[in-house]
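First the proteins, then the strands, lettered A, B, ... as listed; each starts at 1.
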Number of protein chains: 2
Amino acid sequence: MEKENVTIYDVAREAGVSMATVSRVVNGNSNVKQATKDKVLAVIDRLDYRPNAVARGLASKKTTTVGVIIPDVTDMFFSELARGVDDVASMYHYNIILANSDDSGTKELQVLENLLAKQVDGIIYMGNGLRDKLREQFSHTNVPIVLAGGVDEKNQTPTVNIDYTAATKDAVAKLISNGHKKIAFISGSLEQAINKEYRLKGYKEALAEADIAFDETLIFATNYTYNAGFELANELYGTSATAAFVGADELAAGVLNGLTDRGVSVPNDFEIITAINTKLTQITRPQLTTISIPMYDMGAVAMRMLTKLMGKENIENGRLSLPYGIISRQTTR
Amino acid sequence: MEKENVTIYDVAREAGVSMATVSRVVNGNSNVKQATKDKVLAVIDRLDYRPNAVARGLASKKTTTVGVIIPDVTDMFFSELARGVDDVASMYHYNIILANSDDSGTKELQVLENLLAKQVDGIIYMGNGLRDKLREQFSHTNVPIVLAGGVDEKNQTPTVNIDYTAATKDAVAKLISNGHKKIAFISGSLEQAINKEYRLKGYKEALAEADIAFDETLIFATNYTYNAGFELANELYGTSATAAFVGADELAAGVLNGLTDRGVSVPNDFEIITAINTKLTQITRPQLTTISIPMYDMGAVAMRMLTKLMGKENIENGRLSLPYGIISRQTTR
DNA sequence: AATAAAAATGTAAACGCTTGCATATTAGAT
DNA sequence: ATCTAATATGCAAGCGTTTACATTTTTATT
């Protein structure tokens, strides 16, 4: 049962050819006579030979694995992205090394170091922004990197995402057109570029276009959890806000339930638009009106872009904004 | 900027020692004079040397990476497991290669092949059962494997999970003690061992202990989606069932909302207990009463067990059942 | 100061493959 | 048959480490 690893050398011997020839048939090199190819294939089958990817990687300097830096696989937004990444990765015969970063600056750096040590052919980075330290490390390596679903405020890195500013603007505009003047902006930390530089910008633009003054007290930055939202509902209750844009679905679900439990009727007394369109949005009652982000596609497209980069193909455009939508459900009128 | 890869050889030359010595300091081998260690470390730092894990893997026959076969990262149950796995993996300096299988027999086999080709040091398998074909492949390899959260009905594979039978029995017993006689059993496919061999068994045991006859028409096997549950609510409506045990939270949320939308008042007219305790259970209104499974811990413990196996340590017990609980919320009285 | 034992370092052979280059075989044209 | 040009195969040098084993240096003992 202890299958001593059979090597290319064993196959060569059994088939009566050189290991170079075996290598050729394994790699689908065309310059092999059909007869010998068959012979070799037969031996491979008989010996149950499985090429050692590590040796392959050392010799060819390609590992056919890509690193994926993800804040948290448990987060529905990111896991959906990851699924898109993995599907096209495996389509192109790549494997992914998945590493959680908790969106922490130090962990990210350490994870990157790890991934590079493992000689990944490319990296997909997910996060809520791109810290300078990390961007700098990125620029020091030859390994291609693409951002999936995130933003690089300095536009130095190939990226696949949506136009978060425009999407937020649209969402807030919808609230405005429903008659609201006091609209809360609820998001994760404003240290994250995606919130500070993009979403908040869209929010402000929408207000500006409607000549509504920006009100600092309507800005809430918390963490992306259900409980944070639930508790925030309290605070919100005391403000003049009559509607809210929320930057994450779980957070929005918390706000919604918190408000509801407090006797606020959504959407009659308060309207909510959330930002992602994860499954959650259909499970809450009332169902959440939301921006819809093509999460899976962003992951898939990002990975596809990475394959091109790894293949040294020319990339027409390294910054792809995929289309988004707004789905009206029951938390808006 | 094109950092030509600096190798152990470069470091050795610059430091005026042999590559063996460099290797020793890199690997923390004690037999190195402090002075030379410092010297080497300085050079490593200056040259920004990063050991090539692929070469390392070839030479040492250890890759410090483990394969994780997961049905779908997007599934909250499995992603939570995966998080536990990754956290302890990184604690022990392992990386994980994450591969989605969609719980498909053929994909699983192919993924396994891949993982073995990449010379992973170990494998964490997640699924809703263990197919014979796969179990057989497992037995043909020397690479240690542990099941996380799943079941091997033949008990041949090291496993970390909970006692699904007992948990289901408890849940159903609770329903019975609330006065129900007609209790629906709703789960994913009965081709999955976890449903057919474990959960259903617990369900039957609970009925038997209460002298309630098993009623085939109360058994519903569908797929694990919100929509499946939502639609199933229709069917359920026509039966005599007054309560249900549901094998997955998303499915349960569907049933709950479907029933509610149809005017059934939960828990007054119908009670529901679900099986996992993902975040969803607190988001639905009413909140779902549920079995609570220590998902993260199962992943973490499974990975810990795997590290022992990979280190050729003796495992006292290869079959760990972690404690579970039942959390009463609002879908039961 | 000599010697043995211990500690530190070096040498070189793997590890299992890919790949450039050389060589041998085959086919096509004359 | 002969010569050319493909086509097919083999040879051997890497790829960047680890790790026995050998050798040198240091330390301790007498």
Side-chain angles (χ1 to χ4, degrees), chain A residues 3-41 43-44 47-65 93 114 116-121 142-143, chain B residues 3-41 43-44 47-65 93 114 116-121 142-143:
Chain A
K3 183 199 302 174
E4 283 319 309
N5 274 327
V6 3
T7 74
I8 198 174
Y9 196 78
D10 300 322
V11 176
R13 180 170 26 72
E14 292 288 310
V17 298
S18 73
M19 46 190 295
T21 297
V22 176
S23 175
R24 287 190 189 96
V25 348
V26 167
N27 292 294
N29 185 309
S30 54
N31 283 1
V32 183
K33 212 194 315 183
Q34 188 61 44
T36 71
K37 182 185 290 186
D38 293 343
K39 191 171 53 178
V40 170
L41 252 16
V43 174
I44 286 179
L47 264 44
D48 205 14
Y49 167 68
R50 176 193 301 129
N52 179 324
V54 173
R56 216 125 87 143
L58 184 57
S60 67
K61 293 175 164 270
K62 303 222 152 302
T63 53
T64 62
T65 107
H93 302 288
N114 251 259
L116 293 176
K118 295 247 161 131
Q119 312 297 118
V120 295
D121 295 338
N142 296 321
V143 177
Chain B
K3 182 199 304 176
E4 283 319 309
N5 273 329
V6 5
T7 73
I8 199 174
Y9 197 78
D10 300 322
V11 176
R13 180 171 24 75
E14 291 288 311
V17 298
S18 74
M19 45 190 296
T21 297
V22 176
S23 175
R24 288 191 189 95
V25 347
V26 167
N27 292 295
N29 185 308
S30 55
N31 283 2
V32 184
K33 213 196 313 183
Q34 187 61 43
T36 73
K37 182 184 290 185
D38 292 344
K39 189 170 53 176
V40 170
L41 250 18
V43 174
I44 285 179
L47 263 44
D48 206 12
Y49 166 69
R50 176 192 300 129
N52 179 323
V54 173
R56 214 123 92 136
L58 184 58
S60 68
K61 294 175 163 268
K62 304 223 154 300
T63 54
T64 62
T65 107
H93 302 289
N114 251 261
L116 293 176
K118 294 246 161 129
Q119 313 297 118
V120 294
D121 295 338
N142 295 321
V143 176

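One atom, CG of A:Asp10, and another, C1' of C:dG16, lie 10 Å apart when rounded to the nearest Å. When the C1' atom of C:dG16 is taken as reference, atom CG of A:Asn5 falls 10 Å away, rounded to whole Å. Rounded to a whole Å, the CZ atom of A:Arg56 is 8 Å from the C1' atom of C:dC17. For A:Arg50 and C:dC17, the CZ to P distance is 11 Å, given to the nearest whole Å. If you measure from atom CG of B:Asp121 to atom C1' of C:dC15, you get 15 Å, rounded to the nearest angstrom.
Contact check, A:Ser23 against C:dT18: a side-chain N or O comes under 4.0 Å of OP1 or OP2.
Shown here are the side-chain hydrogen bond (donor to acceptor under 3.5 Å, both in side chains) partners of A:Lys118, two or more places apart in sequence or in another chain: B:Thr64, B:Asn95. With sequence neighbours excluded, no residue satisfies side-chain hydrogen bond (donor to acceptor under 3.5 Å, both in side chains) with B:Thr36. Looking at residues two or more places apart in sequence or on another chain, you find no side-chain hydrogen bond (donor to acceptor under 3.5 Å, both in side chains) involving B:Gln119.
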Quiz item: When you check every protein heavy atom under 4.0 Å of nucleotides 4-14 of chain C, what one-letter string (B, S, -) results, 5' to 3'?
Solution: ----SBBB---
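Distance alone, capped at 3.5 Å, places no donor-acceptor pair between the B:Asp38 side chain and the B:Ala35 backbone.
Here the range on DNA chain D touched by chain B, meaning any atom under 4.0 Å from one of its heavy atoms, is D:dG16 to D:dA20.
One finds the OG1 atom of B:Thr21 at 10.5 Å from the NZ atom of B:Lys33 (value rounded to the nearest 0.5 Å). One distance of note links CG of B:Leu47 with CD of B:Glu14; it measures 5.5 Å at 0.5 Å rounding. B:Met19 contributes atom CE, which lies 11.0 Å from atom CZ of B:Arg24 (distance to the nearest 0.5 angstrom).
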Quiz prompt | Derivation of the side chain to side chain contact (heavy atoms under 4.5 Å, CB included) call for B:Val6 and B:Asp48 | solution = CA-CA 8 Å; B:Val6 5; B:Asp48 206 12; 5.6 Å; no
Practice problem: May I have the step-by-step check of side chain to side chain contact (heavy atoms under 4.5 Å, CB included) for A:Val17 and A:Val22, ending in yes or no? | Solution: CA-CA 7 Å; A:Val17 298; A:Val22 176; 3.8 Å; yes
Practice problem: Go through the steps for A:Asn27 and A:Arg56 under the test side chain to side chain contact (heavy atoms under 4.5 Å, CB included), then give the verdict. | Solution: CA-CA 11 Å; A:Asn27 292 294; A:Arg56 216 125 87 143; 3.2 Å; yes
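Among the candidates B:Val40, B:Ile8, B:Asp10, the single residue satisfying the side chain to side chain contact (heavy atoms under 4.5 Å, CB included) test with B:Tyr49 is B:Ile8.
When the local axes at the two ends of the helix from C:dA1-D:dT30 to C:dT30-D:dA1 are compared, using 5 base pairs at each end, they differ in direction by 30° after rounding to 10°.
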